[in-house]
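Basis for what follows: all heavy atoms, side chains included, without hydrogens, waters or symmetry-related copies. One-based numbering along the sequence shown.
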Amino acid sequence: MKFDVKLPNVLGAACFLILTALPAASQRNWTVAPVARGLDTPWAVAPLPEGGALITERGGTLIHAVGGENTKVTGVPRVAANGQGGLLDITLANDFARSRMVYLTYAKRQPGGGSGTALSTAVFPTGARKLQDLQEIFAMKPGSRGGRHFGSRVVQARDGNLFMTIGDRGDRPAAQDLTRHNGAVIRVGRDGSIPRDNPFVQDGGLPEIWSYGHRNPQGAALDLAGNLWVSEHGARGGDEVNAVKRGANFGWPVISYGRHYSGAKIGEGTAKAGMEQPAFYWDPSIAPSGLLVYSGKMFPDWKGDIFVGSLKYDYISRLSGSPLREVEQIKTSETGRVRDIVEAADGSIWFISVSDGAVYRIAR
């Protein structure tokens with residue numbers, strides 16, 4: 001099916017002058033085709049170099065989809081499937097072709113009835129139906145009750161270390177508390193070790209924390225220079241795209257471009273000394289989930305652009321330029337509640353539609 005590319009509607013008064021001057025849509029010579037169907041609340045997709053993909057379902061099932069068939073893969077961690085929690089992200093290791101290692105994030109049940117975001121490694125042998133060598137390498141502490149704001153994406157940096165995003169778990173002040181993992185991006189080695197250059201190793205904070213003051217980051221990826229970017233949910237307005245920096249405070253809940261769902265003001269306003277500004281924000285909220293910085297391999301005009309899925313408005317947002325701005329809304333019958341968006345080895349773009357229970361592929 002051919003794409004219907006639409007220029008964005010006005011996203012709020014603060015963005016009006018930017019969005020009225022958008023260029024014409026660039027790429028029109030692409031199609032969308034299904035990769036996998038029949039999925040139950042899919043959350044993340046990892047295309048495999050040999051073809052097919054591994055797909056997580058939030059309820060706790062890992063699917064190997066290849067050739068139009070879905071096969072359950074056993075050996076996954078036990079998850080706390082509650083609200084937004086469950087089996088969440090899956091990412092292939094940078095050396096997957098050799099190691100066959102994958103990284104899994106999930107909501108882990110903890111003593112006392114609470115739960116928190118956790119990270120495990122495992123090996124997926126070629127042709128296997130079971131993960132091997134499952135090892136938990138990180139679990140947030142102390143965790144909490146409730147089913148909100150787990151994050152959670154995992155990205156492997158070029159140096160081999162892992163970034164993982166964690167939401168505030170509905171406990172807003174905890175995102176400013178360096179003795180808790182809530183509302184943080186954490187950085188650990190692939191064995192769970194603490195890198196010596198993490199910013200709070202010597203400063204009394206939890207040593208895994210890389211940045212903090214995040215609300216609920218459900219998208220994360222490296223740009224072409226190897227820098228980490230995240231997309232995160234605001235409250236009523238104030239969804240953000242952030243260029244993550246070592247030791248940076250992104251302000252939640254002290255500053256925000258949104259408001260509480262009640263309509264009340266959040267914190268102290270939109271800016272404060274010592275707190276980072278978003279690279280881009282949406283108002284009203286689009287409910288962003290999944291973020292990709294594109295290589296340009298199949299679509300050269302999109303090189304370096306950021307793609308973010310919208311759960312609320314059923315489209316893929318394309319962001320470009322400096323300062324960053326939304327230049328396209330890619331909306332088709334397939335882009336219903338876009339949960340994840342990734343690039344395959346050939347440069348095609350794969351995304352999850354929760355509405356369809358499917359994974360689709362954008363390609364020439």
Side-chain angles (χ1 to χ4, degrees), residues 89 103 105 116-119 137-142 149-169 171-234 238-257 266-281 291 293 306 322-324:
D89 204 14
Y103 308 116
T105 72
T117 312
L119 170 63
I137 62 170
F138 170 82
M140 72 174 294
K141 56 184 180 184
H149 301 183
F150 290 89
S152 158
R153 296 289 173 188
V154 55
V155 176
Q156 187 171 21
R158 291 177 178 178
D159 65 5
N161 290 315
L162 304 175
F163 293 111
M164 187 181 79
T165 69
I166 304 174
D168 68 4
R169 297 291 286 112
D171 182 353
R172 294 189 294 268
Q176 290 293 316
D177 184 350
L178 288 172
T179 68
R180 302 180 69 182
H181 290 121
N182 303 52
V185 173
I186 64 108
R187 178 177 179 250
V188 296
R190 63 190 289 170
D191 60 356
S193 60
I194 307 299
R196 292 183 179 181
D197 59 342
N198 273 11
F200 304 108
V201 169
Q202 304 296 332
D203 294 339
L206 291 175
E208 299 91 353
I209 294 177
W210 183 254
S211 65
Y212 64 108
H214 300 279
R215 184 174 183 269
N216 189 24
Q218 289 190 343
L222 302 180
D223 66 17
L224 303 190
N227 303 307
L228 181 67
W229 290 72
V230 301
S231 58
E232 53 189 286
H233 293 260
D239 293 345
E240 296 181 355
V241 173
N242 285 305
V244 176
K245 302 175 185 178
R246 177 184 182 274
N249 181 355
F250 286 86
W252 177 258
V254 181
I255 60 172
S256 174
Y257 283 91
I266 293 174
E268 300 176 19
T270 59
K272 186 174 182 178
M275 296 183 176
E276 301 295 323
Q277 285 290 297
F280 184 83
Y281 72 92
L291 181 147
V293 184
I306 295 176
S322 181
L324 201 63

task: Please report the closest heavy-atom contact between Arg246 and Pro199, naming both atoms and the distance.
output: NH2-CA, 3.4 Å

query: CD1/Ile186 to CE/Met140 distance, rounded to the nearest 0.5 angstrom?
result: 10.5 Å

- request: Please name all residues satisfying side-chain hydrogen bond (donor to acceptor under 3.5 Å, both in side chains) with Asp177, sequence neighbours left out, ordered by chain then number.
  value: Thr179

- prompt: Distance-only, no hydrogens or angles: does the Asp239 side chain make a donor-acceptor pair with backbone N or O of His233 under 3.5 Å?
  reply: no

message: My understanding is that only residues two or more places apart in sequence, or in another chain, count here; which of them pass side chain to side chain contact (heavy atoms under 4.5 Å, CB included) with Pro253?
response: Arg172, Gln176

task: Applying salt bridge (charged side-chain N to carboxylate O under 4.0 Å, His left out), name anything that partners Lys272, two or more places apart in sequence or on another chain.
output: Glu268

message: Tell me every residue that passes side-chain hydrogen bond (donor to acceptor under 3.5 Å, both in side chains) with Arg180, counting only those two or more places apart in sequence or in another chain.
response: Asp171

query: Among all residues two or more places apart in sequence or in another chain, which pass the salt bridge (charged side-chain N to carboxylate O under 4.0 Å, His left out) test with Asp197?
result: Arg187

message: Just verifying a value: how many Å separate Asn198 CG and Leu206 CG, rounded to the nearest 0.5 Å?
response: 11.0 Å

- prompt: What are the two closest non-hydrogen atoms of Arg158 and Ala225, and how far apart are they?
  reply: NH1-O, 3.4 Å

task: Keeping the roles fixed (side chain from Gln218, backbone from Gly167), state whether a donor-acceptor pair exists under 3.5 Å.
output: no

task: Tell me, please, which residues at least two apart from Val155 pass side chain to side chain contact (heavy atoms under 4.5 Å, CB included).
output: Ala220, Leu222, Leu228

message: Going by side chain to side chain contact (heavy atoms under 4.5 Å, CB included), name the residues that satisfy it together with Gln156, two or more places apart in sequence or in a different chain.
response: Ala93, Asn94, Tyr103, Leu162, Arg190

- line: Sorted by chain and residue number, the side chain to side chain contact (heavy atoms under 4.5 Å, CB included) partners of Ser256 (sequence neighbours excluded) come out as Trp252, Ile266

- request: Apply side-chain hydrogen bond (donor to acceptor under 3.5 Å, both in side chains) to His214 and list each qualifying residue two or more places apart in sequence or on a separate chain.
  value: Ser211, Glu232

message: If I compare all heavy atoms of Asp168 with all of Ala175, which pair ends up nearest, and what's the gap?
response: CB-CB, 4.3 Å

message: Suppose the criterion is side-chain hydrogen bond (donor to acceptor under 3.5 Å, both in side chains): which pairs have a residue in residues 199-209, not counting sequence neighbours?
response: His181-Glu208

- prompt: Quick one: ring-ring contact (aromatic ring centres under 6.0 Å, His included) partners of Phe150, sequence neighbours excluded?
  reply: none

query: Does any N or O in the side chain of Thr105 come within less than 3.5 Å of the main-chain N or O of Asp89, such that one atom is a donor and the other an acceptor?
result: yes

task: With sequence neighbours left out, write down each residue that passes side-chain hydrogen bond (donor to acceptor under 3.5 Å, both in side chains) with Trp229, or none if nothing qualifies.
output: Asp223

statement: In short, Met164 meets Leu119 closest at the heavy-atom pair SD-CB, 3.6 Å

field: Gap separating the CG atom of Asn242 from the CZ atom of Arg215, nearest 0.5 angstrom
entry: 13.5 Å

message: What I'd like to find out is whether the side chain of Ile306 reaches to under 4.5 Å of the side chain of Leu291, using heavy atoms alone.
response: yes

- prompt: Closest heavy-atom contact between Ser193 and Asp191?
  reply: OG-OD1, 2.6 Å

task: Could you check if a side-chain atom of Gln277 sits within less than 4.5 angstrom of a side-chain atom of Ile255, using non-hydrogen atoms only?
output: yes

Main-chain N/O of Gly151 paired with Thr165 side-chain donor or acceptor, under 3.5 Å: no

field: Stepwise side chain to side chain contact (heavy atoms under 4.5 Å, CB included) check, Ile166 with Phe138
entry: CA-CA 12 Å; Ile166 304 174; Phe138 170 82; 3.8 Å; yes

message: I need the minimum non-hydrogen distance between Gly274 and Asn249, along with the two atoms involved.
response: O-CB, 4.0 Å

